[in-house]
Amino acid sequence: MKKSVLIIISAVVLASCGTNETKSKKESKETPETESKKEVTVDKNDQTVDEVKFSITGNDMMKFDKEEFKVKEGQKVSLTLKHIGEMKKEVMGHNWVLLAQGTDLAEFATKAMAAKDNNYIPEGDAVIVHTDLIGGGESTTITFDAPKKGTYDFICSFPGHYGLMKGKFIVE
Ligand code: CO
């Protein structure tokens, strides 16, 4: 992150010194690669919004390795779920399901249990976003825009897992 900020600053310096050829040449020698960075964008309110990348693992002990994520409203989120166990997804399947605020976890989990044909993702408005269901050794990535400010629950919706596999997704 610091590096990309430096590159952006030097790009701005280069641009503002465009008429000074001597200085531009000297600086371009020091920083030969000033490729444009796409990871930083500017939204309508002129606030800097970047992309954040997360990874989370699930194991054969029915545990995620993270209980909390923090992001900023509108931030692009890339989340990779990796199953570091060996058990098959039919017996120890994991997914990462982000739930709308106000969702009753036990009620949702009951509906999810009945949605086996849809990888335990029930129909309705409760699911904001979810990954694929995976088994040991597999990994899957999703990207999405962080929802509005607030605290959200995430769970694994595989039957019986939400009690242990859950956490908070905090949007600031
Ligand atoms: Co699971």
Side-chain angles (χ1 to χ4, degrees), residues 1-5 37-45 47-172:
M1 208 51 183
K2 274 185 180 169
K3 194 182 177 189
S4 64
V5 169
K37 289 281 169 186
K38 285 181 180 171
E39 66 187 87
V40 176
T41 56
V42 175
D43 74 7
K44 289 171 196 163
N45 300 320
Q47 290 174 321
T48 302
V49 176
D50 49 7
E51 182 179 334
V52 60
K53 290 186 179 178
F54 290 128
S55 62
I56 182 169
T57 65
N59 61 19
D60 284 345
M61 305 298 287
M62 218 190 291
K63 295 279 279 191
F64 282 135
D65 71 335
K66 293 192 175 77
E67 294 179 339
E68 187 180 291
F69 293 98
K70 275 188 182 172
V71 302
K72 293 189 173 67
E73 193 174 52
Q75 205 166 24
K76 273 234 178 318
V77 181
S78 167
L79 182 136
T80 298
L81 168 67
K82 190 171 188 206
H83 193 317
I84 57 171
E86 294 176 353
M87 294 168 78
K88 291 181 178 171
K89 75 174 177 182
E90 288 77 14
V91 289
M92 187 53 72
H94 298 319
N95 59 11
W96 188 90
V97 181
L98 184 62
L99 297 171
Q101 286 177 305
T103 303
D104 183 292
L105 291 191
E107 202 176 293
F108 178 83
T110 303
K111 285 183 191 166
M113 209 183 297
K116 187 182 179 187
D117 291 347
N118 197 37
N119 286 324
Y120 307 106
I121 301 297
E123 290 189 9
D125 300 330
V127 176
I128 297 174
V129 67
H130 68 90
T131 67
D132 288 337
L133 184 73
I134 57 172
E138 297 179 321
S139 84
T140 182
T141 300
I142 50 170
T143 58
F144 58 98
D145 294 330
K148 68 179 170 79
K149 284 177 190 172
T151 299
Y152 301 77
D153 289 304
F154 69 82
I155 64 165
C156 171
S157 71
F158 191 88
H161 285 198
Y162 86 95
L164 286 174
M165 301 186 79
K166 64 183 173 185
K168 300 289 183 188
F169 188 86
I170 300 164
V171 184
E172 297 175 320

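Counting starts at 1 for both ligands and their atoms, in listed order. Values reported hereafter were calculated over all heavy atoms of this structure, with side chains retained and with hydrogens, waters and symmetry mates removed.
For His161, the N, O or S atom with the smallest separation from the Co ion (ligand 1) is ND1. Of all the N, O or S atoms in His94, the one closest to the Co ion (ligand 1) is ND1.
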Side-chain donor-acceptor pairs of residues 102-113 under 3.5 Å, sequence neighbours excluded:
| unit_1 | atom_1 | unit_2 | atom_2 | d |
| --- | --- | --- | --- | --- |
| Thr103 | OG1 | Ala100 | O | 2.6 |
| Asp104 | OD1 | Ala106 | N | 3.1 |
| Asp104 | OD1 | Glu107 | N | 2.8 |
| Thr110 | OG1 | Ala106 | O | 2.9 |

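Ring pair Phe69/Phe169 is tilted by interplanar angle, where 30° to 60° counts as tilted.
Among the atoms of Phe158, none of the N, O or S atoms falls under 2.8 Å from the Co ion (ligand 1).
With Leu79 as the fixed residue, the side chain to side chain contact (heavy atoms under 4.5 Å, CB included) test singles out one of Thr140, Val129, Thr131: Thr131.
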### Message
Show, in sequence, the C-alpha distance, side-chain angles and deciding distance for Val97 and Tyr120, and conclude whether the side chain to side chain contact (heavy atoms under 4.5 Å, CB included) test is met.
### Response
CA-CA 10 Å; Val97 181; Tyr120 307 106; over 6 Å; no

